[in-house]
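Single-structure report; data block below.
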Amino acid sequence: MDLEPTDDQNTLRDELRRFVSARVDHDARWAAAAQPGAVDRDLWRELGSMGVFGLLVAEDAGGVGLGWAEAAIVFEELGRAAVPGPTIATALAATIDGLGLDGIVDGTAVVGLVEAADPLFVEHLDGLDALLVLDGGSVTLADPPTGTTPVEHPLDPLTPLTMLGAIPTGRAVEGDDLAHQLRAGSALLGAAFQVGLGAAALELGTDYAKDREQFGRVIGSFQAVKHILADAAVGLEVARAAVHAAAVARDERAEGHRIATARIVASRAAHTATEACIQVHGGMGYTWELDAHLFLKRVLVLDQGPAPVHAAVGAVAASL
Amino acid sequence: MDLEPTDDQNTLRDELRRFVSARVDHDARWAAAAQPGAVDRDLWRELGSMGVFGLLVAEDAGGVGLGWAEAAIVFEELGRAAVPGPTIATALAATIDGLGLDGIVDGTAVVGLVEAADPLFVEHLDGLDALLVLDGGSVTLADPPTGTTPVEHPLDPLTPLTMLGAIPTGRAVEGDDLAHQLRAGSALLGAAFQVGLGAAALELGTDYAKDREQFGRVIGSFQAVKHILADAAVGLEVARAAVHAAAVARDERAEGHRIATARIVASRAAHTATEACIQVHGGMGYTWELDAHLFLKRVLVLDQGPAPVHAAVGAVAASL
Amino acid sequence: MKLALTDQEVAFRDELRAWLAETLPTVPPEPPHDDDWQAKRAYDTGWQRRLYEAGYAGIAWPKEYGGRGASPTEELIFLEETEKAGAPYVGCNFVGTLHAGPTIGAEATPEQKAKYLPGVLKGDNVWCQGFSEPGAGSDLASLRTKAVLDGDHYVVTGQKIWTSHAQIADYCELLVRTDPDAPKHRGITWMVMPMDTPGIDIRPMKTLAGTSDFSEMFLDEVRIPVENRVGDENDGWRVAMVTFSFERGTAFVSELLGSFRLVADLAEVARKTGAWDDDHVRRELAIIAAELEAQWALTKRNVSRAARFGTAGVGGSVFKLAYHDTKVRLGDLSMEVLGRAGLALDDPAGLSAVDHVERRLYTLSLSIAAGTAQIQKNIVGERMLGLPRER
Amino acid sequence: MKLALTDQEVAFRDELRAWLAETLPTVPPEPPHDDDWQAKRAYDTGWQRRLYEAGYAGIAWPKEYGGRGASPTEELIFLEETEKAGAPYVGCNFVGTLHAGPTIGAEATPEQKAKYLPGVLKGDNVWCQGFSEPGAGSDLASLRTKAVLDGDHYVVTGQKIWTSHAQIADYCELLVRTDPDAPKHRGITWMVMPMDTPGIDIRPMKTLAGTSDFSEMFLDEVRIPVENRVGDENDGWRVAMVTFSFERGTAFVSELLGSFRLVADLAEVARKTGAWDDDHVRRELAIIAAELEAQWALTKRNVSRAARFGTAGVGGSVFKLAYHDTKVRLGDLSMEVLGRAGLALDDPAGLSAVDHVERRLYTLSLSIAAGTAQIQKNIVGERMLGLPRER
């Protein structure tokens, strides 16, 4: 038993953090928000060459051949930069044997994933090459419908939405318990991404608290501010451990309810941390320019993603 | 419209506070806890002569002829001292026309009230002259069963409990919608009592925070401590206003859902304040000798009293 | 204690109701929720003019300044009745009627009163507030915008932030530092800045909700006549704070009544989505409804205190803290009830998602609008409980 | 990262399981939950003796002091397996095996080690802790019990509080002030006080849960030989803190595993009372279960850090804050599920109310046992986030 990342895993995390923080900084996020229909294809190929989409694909199938533990580490880093686009969906699509779609691993294809639900909001529709649809136990691969209009005001400026009137038809995709596997993967990577969003917000808030003065003192020295940030840090530490444990358990085929657990605590921790960031910033936290709200809004989007948080709560309750 | 107490109401409050704080102090509470079966008959008569049981009874029927507003004020003061015994039940019994039981108003009779539920815990059974039983829409007046044994370890040392195997039979008591009226009265006075318990705990905690030094400073100057107490104060102020509004509305026959509202917020505020008191006291808060836990435990008892808090939540939900 | 209105209060309410019933159908439709500030100004000031003509302008102002001189309870009735009838909000008349106007009434010279107050009451003039600065948030008194006397003018340079309605305001109530060497509360002066003075650069600020309710104001050698100063030089902190002593506990009435509507609507939405079948949703919504109802009782308590003692005292801080907490939970519950429908501010699913999601985002601002929660808690801890100050 | 045990860890676990399966049936029944301290001592030390004979005593102690020298993971396995098998708790051996013993191992002379350590391992001696004082709670270093040198003895006078097992202890690890003029952390000395020394008056303290888990200790000119001092005079603060650097993240394992059982049991109770049909109860219990599971993952993370770096670092504070919050909510939920059955610590209704109500009351003590939450938050804010200290 050893739940501390290995040297290789730490190196992977550091590499991703370096790449992502340079490539998807504040300006890049706002550039993406200004072009809501598009997915940044250059970024996608770069993520592909970093191994983001091939992580879970065997080496002899062209992938990196790593496991869910590494995927959790990588997607936390993507979350730290609020990387736009359907990264989770694309990485999951890459794991489906015989999907019959080229270019996923190297980042030339962008694949979306949607749960058939009401309202049927598809994320990043105009930037997709293909759309996986989860409907109960079935999985289909559809061409993204054309001629649709995105909703004008998506909650998250980095997550454009298109409402479809009907579930798009497509080709059934087979695979052992595939719908369940996709939901589990989506829940796990979504939790990792949320931990990253929370960690970025905590860092932003902590830096501000160390710098900003009011009443002649750095505000981070006030207990009220310090404890808000400490609560956020506690939540994230626990959530990160839970995400890592769930990922490792998935690799070891002993996941039990650990993914649902991770999903629940990661969501709560990410909410606490992103709101703490906004609160600590006072008035500045309410401005559009500060990235804090991007982190919070993406947390809200991920809560409702495939295998939403409330389903995880239901799954744990059913196990009691 | 004027929701500020009148001079008369302030005088009534001050009188009660003077009497109760002198009569039911720390030592008196612990003396009562040491004699769990008994109700202090001297105290009961004194409360009677203060008008506590005749408050809501018309003057021509021997009562004080005041209203629910005054009752709310009085029962908050009883709560401040955690006065032991079925004060609420006795005061409500006094309001029932034709109950056929003498000596309630003057404090020579002690009347209990229980909701037929499982487990059937009757409070103060061994000290009762009569027991009102609420069972759905019916109200009966029963002689307290004898030959029973109190439970050995009641949660609240000031609220002895006896578990009955069956609902005691008695004489049906008639009255317009009487069961509903008793539940409403019990909810309202229970809420007032809880506000008093919370206020006493807040005072105890605040006094300690002003006095106790740690790290070379009075602990009440630490934001963390100050804000715990401030949260408690906020909850109680709001709850007190809600209790007063509900009481006045009952006097004006316009209560709507105000009693349920008061019940919900008073319970929450009392929990916050009593736990804040314990928390601020640090280790001392965990000792038996400090009255803080008596306040908290009585809050827990009142939560489950006739017209319990969860029923109030249900009533408000049903109105939405 | 009583909740029932007196005969006089009933008469006031009935007269108001009759007037609203007659007048509201003739009010033009509210301009759409976008950034056409002139249209908003015309709408808001048009309503102010109607209020003026009917004798409801400056409802809480003393009669000697042209106000109605209504009691706190009458003001509460006014706010409740106008809100429930769907009358326009105070909008861009906010600073003029509720802060700058009362300050001038209390502290200015007769000439200044005559010059500024009628324009506020009649809806002729719109005011904005230049208090906050980027470096002076909750610690407002540390403001650094400086004013240097030059003949019969102050020359003002600095930056203000969180200014509402700056684009359409005629005047700004401005706090400036006139003595940089004095203790921070003692070197501040209050003055009236006409918004057409050269040197004022207004830049709209976008909030995280995507709206532009506020502006930054950059002041570059703005020349303000000395006669525009209200109160003594360096006495501006006291002048600015004097309106707080008029606080009657009515500041959040429209907000609170709006939240009651939001709760009722969320119950409707939950019935449509099926979330109503979840005990957790029903229970949490009931608790929120109870809290709002209790805060309404507290509002009446505060108003009653103001009627009795002239001010609601620390009751305003108590209200804000309680209300903030409830609103945050209502916002979270909204998102839970809406599910994926809450991911857009548009409302393709027909669930009034836009209202709820916007309010959810708006809750993030409550700590700004009302002073941060931490400071409110200090106020309650120190003024109400008598706990010692930190330093 | 891996959760799976290594072959060596599996071997350790299997051997332990086999031993537990063989040994536990022969352990006498636990004495009833009352205040017969001698019976408790016999039970607890009897188990310690069994552990000693089987080579499990001092599981985390270095081998050179007679311990097992197990890795943090092995210690975790030991705690998990013994807890799940229903083995006795550490009980009155707590201070000896987990604090005083390791301190002596790290800081004492060879003679002192030889004198004190075997008695701890074999269960011959019970230790208690004399650190806290009425005036020194979270600010422990402000303790005032004074020790004055008189020949080859220290003469100790003062008052200690929150001492567990004082009635049945043979020795007390005692902190005293030997230099009243030095800065508070620099005038403290650590010493061993034999509990049969004249001048020690022990008075049981009753907790709000109605039990007497702690005592006050009044010390009146208690003469302690100088040779009982561990470490230098006035260096006792460092000596007392040295065990914290051994913290391997395992301190709350039994607690946490007990809470898992409590959750499972509460689900059972809820099914009996019908509360299980309430979505709110199910949902809240699921969230609590998820949080505990996550805290179990954190425990493994902390243990892994201790294995890698020698200490779990700030992870212990993180665990305590997270766990405290969850336990409080579990306690509240218990009361909700139990309803009126929760109003007695007896259990006439057969709903294991006593466990749940006692734990509910126990949550009120968490902030004492683990240092107050405020201080833990300061530790996280300052050590983990690098925020500045308050003063």
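Quick caveat, the model's predicted, so the values are computed rather than measured. Protein chains get the first letters and strands the later ones, always in sequence-line order, with residue 1 at the start of each.
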Pick from [options]: which one has the most heavy-atom pairs with chain C under 4.5 Å?
options	answer
Thr206(B), Asp8(B), Leu320(B)	Leu320(B)
Val225(B), Thr6(B), Asp231(B)	Asp231(B)
Gln223(B), Arg240(B), Glu252(B)	Glu252(B)

Before you tell me yes or no, could you show the steps for Ser221(B) and Arg389(C) under side-chain contact (heavy atoms from CB on, under 4.5 Å), namely the whole-Å CA-CA distance, both residues' side-chain angles and the distance that decides it to 0.1 Å? CA-CA 6 Å; Ser221(B) 72; Arg389(C) 293 176 59 87; over 6 Å; no
For Arg383(C), does the CZ atom sit with more than 12 other heavy atoms under 6.0 Å from it, leaving out its own atoms?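 No, the 6.0 Å shell around CZ holds no more than 12 heavy atoms from other groups.
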Heavy atoms of other groups near Asp7(B) CG, more than 12 under 6.0 Å: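 At most 12 heavy atoms, drawn from other residues, nucleotides or ligands, come within 6.0 Å of this atom.
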[X] bridged to [Y] by N-O distance under 4.0 Å:
X	Y	answer
Glu237(B)	Arg301(C)	no
Glu4(B)	Arg305(C)	yes
Lys2(C)	Asp251(B)	no

Measure the CD1-CD1 distance between Ile264(B) and Ile288(C) for me, rounded to the nearest 0.5 Å.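 Rounded to the nearest 0.5 Å, the CD1-CD1 separation comes to 11.5 Å.
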Please classify the contact of [X] with chain B as side chain, backbone, both or neither, using a heavy-atom distance under 4.5 Å.
X	result
Ala307(C)	neither
Phe319(C)	neither
Val263(C)	side chain
Leu292(C)	neither
Trp296(C)	neither
Ala264(C)	neither
Glu9(C)	side chain

Part of [X] within contact of chain C (heavy atom distance under 4.5 Å):
X	value
Leu236(B)	neither
Val218(B)	side chain
Ile228(B)	neither

Over all atoms of both residues, closest heavy-atom pair of [X] and [Y]:
X	Y	result
Ala297(C)	Leu3(B)	O-CD2, 3.4 Å
Thr261(B)	Ala294(C)	CG2-N, 3.8 Å
Val313(B)	Ala286(C)	O-CB, 3.4 Å
Ser304(C)	Met1(B)	OG-SD, 3.7 Å

Assess the residue pair Arg268(B) and Ile287(C) against the criterion (side-chain contact (heavy atoms from CB on, under 4.5 Å)); give the C-alpha distance rounded to whole Å, side-chain angles, the decisive distance to 0.1 Å, and a yes or no. CA-CA 10 Å; Arg268(B) 294 167 79 90; Ile287(C) 291 170; 3.7 Å; yes
Lys226(B) versus Lys377(C): any side-chain heavy-atom pair under 4.5 Å?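 With C-beta onward as the side chain, the pair stays apart.
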Measuring only between side-chain heavy atoms, which start at C-beta, is Leu3(C) closer than 4.5 Å to Arg258(B)?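 Result yes, sub-4.5 Å side-chain heavy-atom pair found.
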Any donor-acceptor pair under 3.5 Å linking the side chain of Arg308(C) with the backbone of Asp2(B)?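 Side chain of Arg308(C) to backbone of Asp2(B): no pair is present.
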Evaluate side-chain contact (heavy atoms from CB on, under 4.5 Å) for Val265(B) paired with Glu293(C), printing each intermediate quantity in order. CA-CA 10 Å; Val265(B) 297; Glu293(C) 181 70 36; over 6 Å; no
